[in-house]
Amino acid sequence: MSMDSNIFERMMRKNRIFKNRDVLRHSYTPENLPHRRKQIETLASFLLPALNGETPSNILVYGKTGTGKTATVKYVGKQLEEAGRNLKVNCYVHYLNCEIIDTQYRVLATLAKALGRNVPMTGWPTDQVYEEVKNAIDEKDQTIIIVLDEIDKLVRKGDEVLYNLSRINSELKNARVSIIGISNDLKFKNFLDPRVISSLSEEEIVFPPYNAEQLQDILIQRAELAFYEGVLDEDVIPYCAALAAQEHGDARKALDLLRVSGEIAEMENSDKITREHVKAAVRKIEADHVIEAVRTLPTQTKLVLYSIILLHENGKRKSTTGEVYAVYRSLCKRLSLDILTQRRVSDLLSELDMLGIINSIIISKGRYGRTREIQLDVPAKPIKDVILDDYRLEALKKMEKSFRSIITLEVFDYTNQKF
DNA sequence: CCTCCACCGGAAAGCCGGGTCA
DNA sequence: TGACCCGGCTTTCCGGTGGAGG
């Protein structure tokens with residue numbers, strides 16, 4: 001047996017790439033944030049009053065994804081709490097991500113929990129939870145900073161919470177509250193009550209995208225911690241940075257690219273990461289993203305998507321809502337599933353569009369009406385496989401042979417009805 | 001220039017499964 | 001236990017509309 005096939009030898013070589021891959025993950029908050037000095041200092045100066053027992057202004061933080069908003073706010077928040085401890089001032093930061101905690105009720109309930117109150121995650125009237133939060137905060141002389149990350153996600157569901165929270169100070173005797181809202185959507189203010197806007201955005205901080213050079217600095221800093229020396233080909237970092245810079249200077253994307261490149265190199269038992277690995281990473285990230293999105297779709301939506309794929313495979317590269325619905329309905333009947341209304345299917349199609357799985361535009365065919373023109377935007381094969389993984393749709397596998405006739409029949413019937 | 005198709009998409013309301021409370 | 005509440009999904013109803021064909 002040659003040395004090369006010794007299992008330990010191979011494993012040793014496998015570990016030659018990553019020293020610590022976690023520093024490339026989203027959850028990692030670095031010790032220092034390159035090119036964000038100005039934002040850190042501004043934010044800190046806004047929060048400074050908290051240490052004197054005064055109320056800091058409410059702050060809105062803007063910037064696209066991967067511009068360091070969350071990392072910066074968390075970093076400054078940590079520093080503030082630390083300073084509070086040293087100076088014996090009650091000063092606490094509560095971080096909420098509104099993408100996960102995405103309703104009025106849940107925001108309040110989570111806050112109440114963080115403040116040590118026992119509130120069920122569902123059940124109570126919202127007002128009552130608000131009272132509970134208010135009382136918990138006012139229990140002692142303290143400053144509470146509430147960070148609402150992805151605040152735009154919350155606004156879509158009504159601004160009552162924001163209205164209440166932004167005026168909570170007038171109802172407090174002992175404590176002070178200030179809110180930091182983080183958003184990557186500059187337009188989200190349009191959905192807000194003007195009063196809420198003015199009170200929420202007493203101060204604003206904008207995070208500009210990173211340029212390619214700055215992204216390189218970030219990557220170099222992380223790569224040092226993540227990889228063993230000499231693993232990276234010299235053009236890998238500039239390449240990752242350039243790719244991410246093309247997409248609105250997204251540092252998260254850049255780090256993903258670097259990590260996945262490393263993982264691919266590791267899998268190939270290569271002891272170097274090359275430009276080719278980065279190219280492969282681009283493809284892998286894209287594909288994984290779509291597959292994962294499809295897998296987590298509700299069954300009905302999968303069936304709608306499947307109908308589009310069937311039409312596509314049978315020579316209809318572009319189909320309309322009506323055609324898709326006809327095929328969908330016939331599949332439902334055969335699977336004896338409930339049939340959704342066309343109105344609902346129309347919404348499901350918009351969702352698929354937003355996920356980037358299909359491409360749909362609304363066109364007018366004049367006399368022949370207005371409809372969506374739907375195209376499949378991703379390779380059909382892997383998507384089909386994922387859909388068939390759904391146990392409620394397993395029966396589709398046995399129907400392969402009748403698909404052709406479903407298509408011709410349904411679409412024919414459907415167009416026939418119209419004339 | 002008007003019509004009228006085949007849908008779009010907003011609003012409202014219903015249903016359901018999760019939960020609490022007294 | 002029954003009276004509530006919440007959120008997600010769905011149905012019902014309906015007014016709106018770009019542009020090919022008359």
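So you know, we letter chains A, B, ... as the sequences are listed, proteins then strands, and number each from 1.
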Review point. Contact class for A:L348 (heavy atom, under 4.0 Å): base, sugar-phosphate, or nothing?
Key: nothing
Please give, in whole Å, the distance from [N] [atom2] to [X] [atom1]?
| X | N | atom1 | atom2 | value |
| --- | --- | --- | --- | --- |
| A:I362 | B:dC5 | CD1 | P | 20 Å |
| A:L337 | C:dC9 | CG | C1' | 16 Å |
| A:Y105 | C:dC4 | OH | C1' | 12 Å |
| A:Y325 | B:dC8 | OH | C1' | 15 Å |
| A:R344 | B:dC8 | CZ | P | 14 Å |
| A:I363 | C:dT17 | CD1 | C1' | 14 Å |
| A:E373 | C:dG19 | CD | P | 13 Å |
| A:K365 | B:dC8 | NZ | P | 11 Å |

**Study point:** Nearest to side-chain heavy atoms of A:S364, which nucleotide of B:dT3, C:dG7, C:dG19
**Key:** C:dG19
Review point. A:Y62 and A:F207: aromatic ring centres closer than 6.0 Å?
Key: no
With a 4.0 Å cutoff (strictly under), does any side-chain N or O of [X] reach OP1 or OP2 of [N]?
| X | N | answer |
| --- | --- | --- |
| A:W124 | C:dC6 | no |
| A:T321 | B:dC8 | yes |
| A:T341 | C:dT10 | no |
| A:T126 | C:dC6 | yes |
| A:T371 | B:dA6 | no |

**Study point:** B:dG9 base / A:R370 side chain donor-acceptor hit below 3.5 Å
**Key:** no
Practice item. Test for a donor-acceptor pair under 3.5 Å between the base of C:dT10 and the side chain of A:R343, counting only N and O atoms. Key: no
Exercise for review: Tell me yes or no: between the side chains of A:T371 and A:T320, is some donor less than 3.5 Å from an acceptor?
Suggested key: no
Review point. Can a donor-acceptor pair be found between the side chains of A:Y95 and A:D149 at a distance below 3.5 Å?
Key: yes
Practice item. Provide the closest heavy-atom pair for A:T301 versus A:L297 in the form atom of the first, atom of the second, distance. Key: CG2-CG, 3.8 Å
Exercise for review: Please determine if A:E373 and A:R317 form a salt bridge, counting it only when a charged side-chain N lies under 4.0 Å from a carboxylate O.
Suggested key: no
Exercise for review: Would you kindly compare A:G369 and A:R372 by the position of their nearest DNA chain B nucleotide and give the one closer to the 5′ end?
Suggested key: A:G369
